[in-house]
There are 2 protein chains.
Amino acid sequence: MRLVITRCAVDYAGKLTAHLPLALRLVLIKADGSVSIHADDRAYKPLNWMNPPCSLREEPLTDDESGATARWTVTHGKSGERLILTIHEVLHDSSHELGLDPGLQKDGVEAHLQELLAEHITTLGTGYQLIRREYPTAIGPVDILCRDSTSTTVAVEIKRRGEIDGVEQLTRYLELLNRDPLLAPVRGVFAAQEIKPQARVLAVDRGIDCVTLDYDALRGIDNAEDRLF
Amino acid sequence: MRLVITRCAVDYAGKLTAHLPLALRLVLIKADGSVSIHADDRAYKPLNWMNPPCSLREEPLTDDESGATARWTVTHGKSGERLILTIHEVLHDSSHELGLDPGLQKDGVEAHLQELLAEHITTLGTGYQLIRREYPTAIGPVDILCRDSTSTTVAVEIKRRGEIDGVEQLTRYLELLNRDPLLAPVRGVFAAQEIKPQARVLAVDRGIDCVTLDYDALRGIDNAEDRLF
DNA sequence: GTATTTATTTCGTGC
DNA sequence: GCACGAAGTAAATAC
């Protein structure tokens, strides 16, 4: 990993064209060849970048009118995208061997929500019974298929954040599932940690129930059961 | 901007829980208070981060069994999310004043595609005439409304990448527009630089025409016209 | 390999 | 400030 603090201007020509006027920035050159240019704000996103595989060529500039001392050209292997850095001043330049990273272990995403809800299907109501997770259909798998206390089939769509897309998706599943005489009639449940108002309105309008999931509570049930064994 | 190369372990508890085992990494502390942790690959994405507003507290650790020398705690102002860095070794630590960045100027995104297609509406077929861009409806603006050679009204939805969402969006517009006796019947055209197979199937099934846009060709027409004036 | 879905999405924009 | 749509989305997963 090479860290360069430099006063530079940047031009990108690739999926779009973009330009960064002259300013002080951090240029990050990683071991995989990728290059990113950061300003002093926004944790997540660089101002500009080039994904690997790409190559960096450095050329000195002499007697440049505008005062530039070097041009760095980053070329993307396949697509021919280019990032051109016009370097005016270098305030810091250091390199560091970091080695391979063991990587992030994460927990609490949609897949996990689905597992938890399948395990604790009665969260949806007393007497609910799981048929199966990832119930396959021609247009893709339904997150959870189950039966309610009256043995009516229920299709559940799970999202971390429930938006209109999710309601549309569930609607397509319901339309298809209701054509199957073995399953019909099939009710829909839209389950998410957070449901956007517009999504809720659309769901209700289509007779789909909305359920807000409490991840910590679901996990809490888990923990409580863990203690029993 | 503060750059720290450190051997550290990281724990995040917030929107999810995540853990990074001990390894050498770059910790980037920006002027807006944001913190991001980078490995030596992936240009774009940090392994872990905290968006502003947040605050960093550094505490020394003495006689830690595992060999940690400090604990850095990043706390997000509002949500209470936490990022805890357990520092074992610091190989580099430098700070740099970058100042405000003038920001990125970009070109070639959806808005630009819309402008170009509106200017060259006959790309859709001979005899097409523009009614207006961003035609307002109760559920949002239609990208382009125009008439084909038979004077039938046509609603155009433009995407850079055409996916199912876009077809659903256009379907909602068409349903609404077709209730207006002054406009009905209204046909739909789904225009994108790239149309995903599933989106195309759904569009065709609903009687919506699909058009693949060639950005360079549209821009080329522009250039050709520029040369005439 | 391609296609689809998720994301601590992030980011802008309009209300 | 909230909600919605786009992104040079990127990254993981299913097929």
Side-chain angles (χ1 to χ4, degrees), chain A residues 12-18 34 36-37 41-52 54 76 79 81-83 103-104 106-114 134 136 139-141 143 157-166 169 192-202 215, chain B residues 10 12-18 34-37 41-52 54 74 76 78-79 81-83 103-104 106-114 134 136 139-141 143 157-166 168-169 192-201 215:
Chain A
Y12 166 70
K15 291 164 190 161
L16 52 66
T17 51
S34 64
S36 56
I37 297 153
D41 61 356
R42 277 164 292 188
Y44 192 81
K45 203 175 182 176
L47 289 163
N48 220 325
W49 68 94
M50 189 72 88
N51 289 324
C54 62
H76 189 260
S79 65
E81 293 170 81
R82 267 153 198 276
L83 198 60
L104 187 67
K106 56 168 87 170
D107 187 18
V109 286
E110 180 184 316
H112 200 216
L113 268 181
Q114 193 192 106
E134 300 285 347
I139 55 172
D143 285 342
E157 176 64 34
I158 299 171
K159 293 283 178 206
R160 221 177 57 75
R161 285 164 46 179
E163 300 179 25
I164 277 186
D165 290 10
Q169 194 179 341
Q193 279 186 283
E194 180 198 349
I195 297 179
K196 292 294 171 75
Q198 282 210 356
R200 188 182 293 272
V201 169
L202 185 64
Y215 177 72
Chain B
V10 184
Y12 167 70
K15 292 162 191 161
L16 52 65
T17 50
S34 63
V35 176
S36 55
I37 297 154
D41 61 356
R42 274 164 294 187
Y44 200 87
K45 201 175 181 177
L47 290 164
N48 219 325
W49 68 94
M50 189 75 87
N51 287 325
C54 60
V74 185
H76 189 260
K78 205 76 175 190
S79 64
E81 292 170 82
R82 268 154 197 275
L83 198 60
L104 188 68
K106 55 167 87 170
D107 188 18
V109 286
E110 179 184 319
H112 200 215
L113 268 182
Q114 192 193 107
E134 300 285 345
I139 55 172
D143 286 342
E157 177 64 34
I158 300 172
K159 294 285 178 206
R160 220 177 55 76
R161 284 163 47 177
E163 299 179 25
I164 278 185
D165 292 11
E168 297 286 12
Q169 195 180 342
Q193 279 186 281
E194 180 198 350
I195 297 179
K196 292 294 170 77
Q198 281 208 357
R200 189 181 291 271
V201 168
Y215 177 72

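Just the heavy atoms: all of them, side chains too, but no hydrogens, waters or symmetry mates, feed the values below. Chain letters run A, B, ... following the sequence lines, proteins first and then strands; every chain starts at 1.
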### Query
So, B:Y12 and C:dT8: ring centres less than 5.5 Å apart, planes less than 30° off, yes or no?
yes
Go through [options] for me and flag the one nearest to the [X] side chain.
X: A:E110; options: C:dT4, C:dT10, C:dT6; result: C:dT6
X: B:E163; options: D:dG8, C:dT5, C:dT8; result: C:dT5
X: B:E157; options: C:dT10, D:dA6, C:dT8; result: D:dA6

### Query
Partners of B:R42 by side chain to side chain contact (heavy atoms under 4.5 Å, CB included), sequence neighbours excluded?
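Expected list: B:L47.
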### Message
I'd like to check the salt bridge (Lys or Arg N to Asp or Glu O under 4.0 Å) partners of A:E110; sequence neighbours left out, ordered by chain and number.
### Response
none
### Summary
Residues at least two apart in sequence or cross-chain that pass salt bridge (Lys or Arg N to Asp or Glu O under 4.0 Å) with A:R82, listed by chain then number, are none
Distances for protein N or O near nucleotides 13-15 of chain D N or O, under 3.5 Å:
none

With sugar-phosphate meaning primed atoms plus P, OP1 and OP2, does [X] contact a base, only sugar-phosphate, or nothing at under 4.0 Å between heavy atoms?
X: B:N51; result: sugar-phosphate
X: A:E81; result: base
X: B:K196; result: base
X: A:L104; result: base

### Message
B:S34: which residues meet the side chain to side chain donor-acceptor pair (under 3.5 Å) condition with it, sequence neighbours left out?
### Response
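With sequence neighbours excluded, B:S34 shows a side chain to side chain donor-acceptor pair (under 3.5 Å) to B:D32, given in chain and number order.
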### Query
Is DNA chain C part of any stem, that is, at least 3 consecutive Watson-Crick or G-U pairs with both distances under 3.5 Å, and where?
C:1-7 with D:9-15, C:9-15 with D:1-7
